[in-house]
Number of protein chains: 4
Amino acid sequence: MRIKDDMKQAALFEATVKLVNEIGFSASSVSKIAKEAGVSPATIYVYHKNKEELIVSTYIDIKQDMSRAVLEGFDPTLPIRDIFQNVWLNMFAYISEYRNYVQFTEQFASSPYNELVNHQEIEKYFKPVIAVLQRGISQKIIKDVDFDILATFIFYPILTLSNARLCRTVKLNDAMIEKAFTLAWDAIKL
Amino acid sequence: MRIKDDMKQAALFEATVKLVNEIGFSASSVSKIAKEAGVSPATIYVYHKNKEELIVSTYIDIKQDMSRAVLEGFDPTLPIRDIFQNVWLNMFAYISEYRNYVQFTEQFASSPYNELVNHQEIEKYFKPVIAVLQRGISQKIIKDVDFDILATFIFYPILTLSNARLCRTVKLNDAMIEKAFTLAWDAIKL
Amino acid sequence: MRIKDDMKQAALFEATVKLVNEIGFSASSVSKIAKEAGVSPATIYVYHKNKEELIVSTYIDIKQDMSRAVLEGFDPTLPIRDIFQNVWLNMFAYISEYRNYVQFTEQFASSPYNELVNHQEIEKYFKPVIAVLQRGISQKIIKDVDFDILATFIFYPILTLSNARLCRTVKLNDAMIEKAFTLAWDAIKL
Amino acid sequence: MRIKDDMKQAALFEATVKLVNEIGFSASSVSKIAKEAGVSPATIYVYHKNKEELIVSTYIDIKQDMSRAVLEGFDPTLPIRDIFQNVWLNMFAYISEYRNYVQFTEQFASSPYNELVNHQEIEKYFKPVIAVLQRGISQKIIKDVDFDILATFIFYPILTLSNARLCRTVKLNDAMIEKAFTLAWDAIKL
DNA sequence: GATGAATGAGTGTTCATTCAT
DNA sequence: CATGAATGAACACTCATTCAT
């Protein structure tokens, strides 16, 4: 038995992201993805059980990649504000470099595919950040609000700022990223 | 000749929203929508040029409806904070009653269909709110930040809070809505 | 009861010819023909039993019109050659003025619709010409060949010369028409 | 992987010719052709880009086949009359054996599909015959008339004689073919 | 492992026709 | 007489997937 070809695996990943971003889930047929990746449609079924699994696994791969990038240089001993600021900067760096990945996850998250993934599994990747949030609440640094509401104000705006339309009209520079972080921090801090 | 049936028009609207929310744009075929609405697939083409136009017009109808609801009782003579609080309360009322509509618009906004609508046309509906925002900035009540960033922190979190998962786990009560508004206001206020 | 509107009848005739010539029988749908004629699709069914009858009756109308034109000035007392020359000239005059009608009949004749018309009925219109042909044979002026073969050489080339492609590249002038008639006559004369 | 099946290709060709002759282009739907050929409608799209290409390629295949048959035993050293007589005999032999193919080309030629083929490409197949025609003119054996008019009298009558109705009523025998050729030759010879 | 051929099921859309007005 | 609304049936075509190689 030959070994599965990592190049093909990667080509399929990139082709899936690219096509879904360009033409949406609906129009991204298996054969179009195969052609974009330079393989036969049948080959996709060597690597993935079916189309659904191809798309869901692409999403999970991105989320894993994203969490690794976001937690880079994570230091729980720093002041809480600095920890969050570091997370923001990592996030923006990631978004700048891999905007297409983020765009894919946004489309995915608001599609019915979203129901097929184990979100607890994915939240696990971001656990350290959540822990800091909880520490902040107990230390009366962060508002004592339902966790989901806090998350909405810290994490969601970052994603939104990466929106295609926004990023096209506003080229985000360091000063603006700073300011944006200030808004997020003001929202959650006590 | 028969006259166009408003009941059919409305049934198509509801069927489109329902199906897209349940199974996504991709799987919401014209014939499924027709069956859900209780009409023949061909009848859809009496009311809409094609599937795309059916979906886009559904989106626009919702956005119009939403803006009407959000601006209810809008009073530009009130203090700025009160104006925004009113918008929030309207928004939440709308989301509570028509969560399915909001869910539809979210999925729509991150799909390629989004590129087909004239967003300036839609933003027009929300013009009064935007004007207040600008007044707040010039009166040094609101942070002098790029408008898109402010919007990200005021409007988008509301939508996110309507997220299916969140709303399922957390039943938002009046106290929480107040708190959530506080976060938004703290983010943008000077 | 109002009287059927001759204007509408004529508009339908012209619309049918025009559309069939431009896009063929297949693509000439009832509703397109109706739109071209400026009436409702339903109105067509006031004047014609169905689409088939609309097209067949259009064909028959043209054939009748054509026979009237071709036999103009028909004089059986003239020499046989002159009679045929007169028919040719009439035919060319007709083709020049109503090329679109001729084009329609050609397409019709090689389509399965052709089986639906009573050809003996139509040949009747051209009976005088056929009689002259038979007289020519018995007077040893015209070759004693099966009638269908003779007809092939006299009448068919005229139609072919009206072919769109040909008429585009060659503008038929009087001299050429004369020459073309000479070929036809040489073919059948003894 | 499986290899493309020549049997299927041929079955599609025959099914297309048969159906178009029987019910016309319009009524010859892709699924009917597929059923007649004993394949799935989807399979047609393995062999042809779309319906149009299926029909046009069927036409071109026939024309190529026909030219091969017509030029059989072509000998430019023979007297010009003999060359043309040979072409006629080949043509009739072809028409007798493959009347359905010829019928298809006639219907095709007067349909809008006709505009989709490169006619110069097809005329190329018949180039040797055209060359002889031109030689005949310069040697004062053939009338000095526009080439298109000559062609109308030599080639088209043959096709017309293959007409379904005619061939049904008149069984063309060798003597009649001879006579018919005489008419054609008398038409063009000086 | 990798693939192009093959397909049943489905797509969005248009059709000829009927119906209520 | 005239019509736009309405539709079942059909259209050309694409889909996700399987299969033989």
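Proteins come first, then strands; the chains are lettered A, B, ... in the order of their sequence lines, and each starts at number 1.
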**Report entry** Spacing between C:Lys35 atom NZ and E:dA16 atom C1', to the nearest angstrom
**Finding:** 16 Å

Report task. Output yes when at least one side-chain N/O atom of C:Lys32 is less than 4.0 Å from OP1 or OP2 of E:dC15, else no. Result -> yes

Report task. Respond yes when some side-chain nitrogen or oxygen of B:Tyr47 is under 4.0 Å from OP1 or OP2 of F:dA6, and no when none is. Result -> yes

Requested in this report: Identify the nucleotide, in any strand shown, that forms a Watson-Crick or G-U wobble pair with E:dT13, with both distances under 3.5 Å; if there is none, say none.
Outcome: F:dA10

**Report entry** Pair D:Tyr101, D:Glu14: side-chain N/O donor-acceptor within cut-off below 3.5 Å
**Finding:** yes

Query raised in the report: Of the candidate nucleotides F:dC11, E:dC15, E:dA5, which contains the atom at the shortest distance from the side chain of D:Ser31?
Result: F:dC11

Report summary line: Assert: residue with more 5' nearest nucleotide on DNA chain E, out of A:Ile44 and B:Ala27, is A:Ile44

Report task. Return the value, rounded to whole Å, for the distance between atom CD of C:Gln9 and atom C1' of F:dA2. Result -> 14 Å

**Report entry** Out of E:dT17, F:dC13, E:dT3, whichever nucleotide has its closest atom nearest the side chain of D:Tyr45
**Finding:** F:dC13

**Report entry** Of B:Asn50 and C:Asn50, the one whose closest DNA chain E nucleotide lies more 5'
**Finding:** B:Asn50

Query raised in the report: Which one is paired to F:dT3, where only Watson-Crick or G-U wobble pairs with both distances under 3.5 angstrom count?
Result: E:dA20

Query - Value in whole Å for how far the P atom of F:dA10 lies from CD1 of D:Ile33 - result: 17 Å

**Report entry** B:His48 (side chain) donor-acceptor with B:Ser57 (main chain) under 3.5 angstrom
**Finding:** no

Query raised in the report: Reckon B:Val30 touches a base, only the sugar-phosphate, or nothing at all at heavy-atom distances under 4.0 Å?
Result: base

Report summary line: In whole angstroms, the gap separating P of F:dT18 from NE2 of A:His48 amounts to 15 Å

Report task. Please figure out whether B:Val39 or D:Phe25 has its closest DNA chain F nucleotide nearer the 5' end. Result -> B:Val39

Requested in this report: May I have the distance from D:Ile55 (atom CD1) to F:dC11 (atom C1'), rounded to whole angstrom?
Outcome: 13 Å

Report task. Specify the separation, in whole Å, of atom NZ of D:Lys49 and atom P of F:dT14. Result -> 10 Å

Query raised in the report: Can you find a heavy atom in the side chain of B:Gln103 that is under 4.5 Å from one in the side chain of B:Tyr98?
Result: no

Query raised in the report: Could you give the CD-to-P distance, from C:Glu53 to E:dT17, as a whole number of Å?
Result: 11 Å

Report task. Using only side-chain N and O atoms of A:Thr43, determine if any of them is under 4.0 Å from OP1 or OP2 of E:dT3. Result -> yes

Query - Residue met sooner reading DNA chain F from 5', once C:Gly38 and A:Ser26 are mapped to nucleotides - result: C:Gly38

**Report entry** Side-chain heavy atoms of B:Leu54 within contact of B:Tyr47, under 4.5 Å
**Finding:** no

Requested in this report: Considering just the side-chain nitrogens and oxygens of D:Ser29, establish if one lies under 4.0 Å of OP1 or OP2 belonging to F:dC11.
Outcome: yes

Requested in this report: Kindly say whether the aromatic ring centers of C:Tyr113 and C:Phe25 come within a distance under 6.0 Å.
Outcome: yes

Requested in this report: Look at the side-chain N and O atoms of A:Lys8 and state whether any lies under 4.0 Å from the OP1 or OP2 oxygen of E:dA2.
Outcome: yes

**Report entry** Closest listed nucleotide, where the reference is the side chain of B:Ala42 and the choices are F:dT7, F:dC1, E:dT7
**Finding:** F:dT7

Report summary line: From CG of B:Leu12 across to P of F:dT7 the rounded distance in Å is 10 Å

Query - OG1 on A:Thr16 to NZ on A:Lys51, rounded to 0.5 Å - result: 10.0 Å

